[in-house]
There are 2 protein chains.
Amino acid sequence: MATMQDVARLARVSLSTVSYVLTGARPISQATRDKVLAAMAELDYQPNAMARGLASRRSRILGLLLPMDERGLGATETAFVTGAAAAANTAGYHLVLSPIGVGDLDELRRLASQRMLDGALLMEVQLHDPRVDVLRELSVPLVLIGRTADTTGLSYVDIDFDQTVEEAVEHLVGLGHRRIVYVNHSAETIAEGYGPATRTRDAFAVAMTRHGLEPLMIPAEDSAAGGRTALAAALRQAPDLTAILAMNESAVFGLVGELSSRGLSVPDDLSVISMVTSPQVAELATPALTAMNSPGSAVGRIAIETLLRHVDGGNGEIHQQLLPCALQVRGSSGPPRTGSNTAGNTGADGEQPAVPSTEAARRRAATRRRA
Amino acid sequence: MATMQDVARLARVSLSTVSYVLTGARPISQATRDKVLAAMAELDYQPNAMARGLASRRSRILGLLLPMDERGLGATETAFVTGAAAAANTAGYHLVLSPIGVGDLDELRRLASQRMLDGALLMEVQLHDPRVDVLRELSVPLVLIGRTADTTGLSYVDIDFDQTVEEAVEHLVGLGHRRIVYVNHSAETIAEGYGPATRTRDAFAVAMTRHGLEPLMIPAEDSAAGGRTALAAALRQAPDLTAILAMNESAVFGLVGELSSRGLSVPDDLSVISMVTSPQVAELATPALTAMNSPGSAVGRIAIETLLRHVDGGNGEIHQQLLPCALQVRGSSGPPRTGSNTAGNTGADGEQPAVPSTEAARRRAATRRRA
DNA sequence: GCGGTTAGTCGAAACGCTTCGACTAACCGG
DNA sequence: CCGGTTAGTCGAAGCGTTTCGACTAACCGC
């Protein structure tokens, strides 16, 4: 391993001159620069990261704090990661992914107070995320992918859930659907204050109300079983259901599976839209799911660019940005079945409510009449 | 940020004594040790990673080189990662994930020759993987998750594909299946020499031949569409097909989707087994897939432990280990339909058979009636 | 032709740790 | 009682950079 000293000797210049060629911190004549660069090439010199980090108090390492549960990384999250990694490399930084969740605060504190990170990107941000406090306390620059409840003084990049939900509802209502159920993450996840869950919940309520419709929502565990259970619950609570909007990527598979088990066809009997989903995942289902395409790698790239502005500038303006998901119509959405109310009588675990709620009954009647 | 100097002053000992307390490189009396530890606690001292790395020529960072394509990380790979991260943390190392594939050799060379990595774990190893050469040349200790063609002098942890395939075939044959198709990764992937694809291909040929059966194999793109196409091809080539063994997690979803579109039921008309699959993913399908459960986090843990032996020992014995997948029977496998050859008539892809085979028709009708 | 910049270079002092050699006591066997 | 270990501690020399202050020449406007 050649050192800077070796390069300096070979180029017949001083050690500091070599350093200035590398960092550009002071002007160097073209002639000298060429000599130095030639020497570097000849020796195949690579600066030692540790020495550089010690002297400059900059590690050139950015952390991507990425809780990993047993479900794995969805294609959506992966796109964020690759976008961020590419942007970091372009800027000459290394991006290290640390599978650190809100449970590993000690590990995070260790990582940060060892001055190993120039800055951090947080994923899977919770409304009250203790990782934010830890990093601020240790004055590590940070950018969120997602949002906390109080974002004053914090930079973030997030998905525009309000607009995404609204657009999805718009699509369904435009097709003629009136009875739409929103399948969210689990009740526990919502209670924990997981942003995407709570924000879409609120946005759905607003959007439906604005259309004069009742915002019916059902939580679902993040699993196929959760989706099946949620579907059963949905059909029980709203037998006249014609469309489902699902936030929960895992559940949506169980949900469509259960639909076909019950002999209900998508989209003829029921339309399904999957929210914030990558095209690859949407295509996995049969039929392919109409979905709100996640903005993908752009999220990661913008987050890194913002973070670098904080790291380099020292100050760096606060940057808060929301990116919308684009509706992509595939095979799982269409106009509601006219004529008969297909979903209504689907018994299975569903005995009909002996006395349906008046609201539901009236709506059902209305639907029938229109048909 | 307190430094070691501060700790030494407060504890009234020399700088080197503090260091020895930390590293344990020399014996320290209990009394002194206590003084030093007290001082550290009081100052909330954390060693500076860069300084430590510079002086010791050890970064305490291990790299996990992890190509990330747009499909994202499956639950299987994620389990490897979390297992590895946990094991590394336990040993006082940081694990950094670098989304570096065989295409980013320059980035890898940069990372490695900057002496930023004490060792590396390679995932998604190809039969002739240039990353191995780069790391060896720079004498970075490495352990593979997967295998190259020539493994002399290399430590690795991999899945025992031979046994896994054999067990899966055994299960199907034991149920009475004779006509079994293996759905592999794409022809291109196989040609590239992707280990799991080529090894399972060979193992399937061996296993089937040993049972006196013809080893019919079909490649499939890693997507739902690929699975649908593969199913069509399989039914065309082997109309009397009763079971499918699938290596391709993405394709298997398209495959079962296409089955249900064609009115074929799983497992009555066709049994499906998914290879090297995590329980979470297997449960996503309807019915849940009988699968060979991937060994999960154990792979990552063992790989890290092996790597650390190389890093610490300097020499470290070569360690090569294969872990089997365990068969877990779920809803997608069962005995073949006796009597009639159900799949037989399912004609050219797409249109329904003009005269459905009796069995399939009855089922389909039954399903409809239930609706 | 003179003070004041500016470009270009150098030497040396950090940066915060590890580790080697050396030293002092205490302890051992013979 | 003496040479040889061993436990425990210290001082100092690195590790390979960055960066600060200083120096020399050349150049500026007037």
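The residue B:L22 sits apart from the nucleic acid: no heavy atom pair falls under 4.0 Å.
Separating the CD atom in B:Q126 from the OG1 atom in B:T148 is a distance of 11.0 Å, to the nearest 0.5 Å.
Taking a 4.0 Å limit (strictly below) on heavy-atom distances, residues 54-63 of chain A reaches DNA chain C at A:L54, A:A55, A:R57.
When the nucleotides D:dT18, C:dC17, D:dC10 are ranked by their closest atom to the side chain of A:S19, D:dT18 comes out on top. The side chain of A:N48 approaches D:dT17 more closely than any other nucleotide in the set D:dA7, C:dG11, D:dT17. Checking C:dC10, D:dT17, C:dC17 against every side-chain atom of A:A51, the shortest atom distance belongs to D:dT17.
Evaluation of atom-type donor-acceptor distances gives no pair under 3.5 Å for the side chain of B:Y45 against the base of C:dC17.
Phosphate contact (OP1/OP2 of C:dG8, side-chain N/O of A:S29, threshold under 4.0 Å): absent. Within the structure, a side-chain polar atom (N or O) of B:S14 is placed less than 4.0 Å from OP1 or OP2 of D:dC10. Neither OP1 nor OP2 of C:dG8 sits under 4.0 Å from any side-chain N or O of A:T32. Between B:T17 and the phosphate of D:dC10, there is a side-chain N or O to OP1/OP2 separation shorter than 4.0 Å.
Nucleotide C:dG11 holds its P atom 10 Å from the CG atom of A:L15, rounded to whole Å. One interatomic measurement links the two molecules: CD of A:Q114 to C1' of C:dC15, which rounds to 16 Å at whole-angstrom precision. Rounded to whole angstrom, the span from the CZ atom of B:R12 across to the P atom of D:dT9 amounts to 16 Å. The distance between atom CD of A:Q5 and atom P of D:dG14, rounded to the nearest whole Å, is 13 Å. If you measure from atom CZ of A:R33 to atom P of C:dG8, you get 9 Å, rounded to the nearest angstrom.
Residues satisfying the ring-ring contact (aromatic ring centres under 6.0 Å, His included) criterion with A:Y156, sequence neighbours excluded, are absent altogether.
The main-chain N or O of A:R60 is found under 3.5 Å from a side-chain atom of A:D118 such that the two form a donor-acceptor pair.
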Just the table, please: protein N/O against nucleotides 22-28 of chain D N/O, every pair under 3.5 Å.
from	atom 1	to	atom 2	distance (Å)
D:dA22	N6	A:R26	NH1	3.1

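Ion pairing between A:R9 and A:D6 holds under the 4.0 Å rule for side-chain N and carboxylate O.
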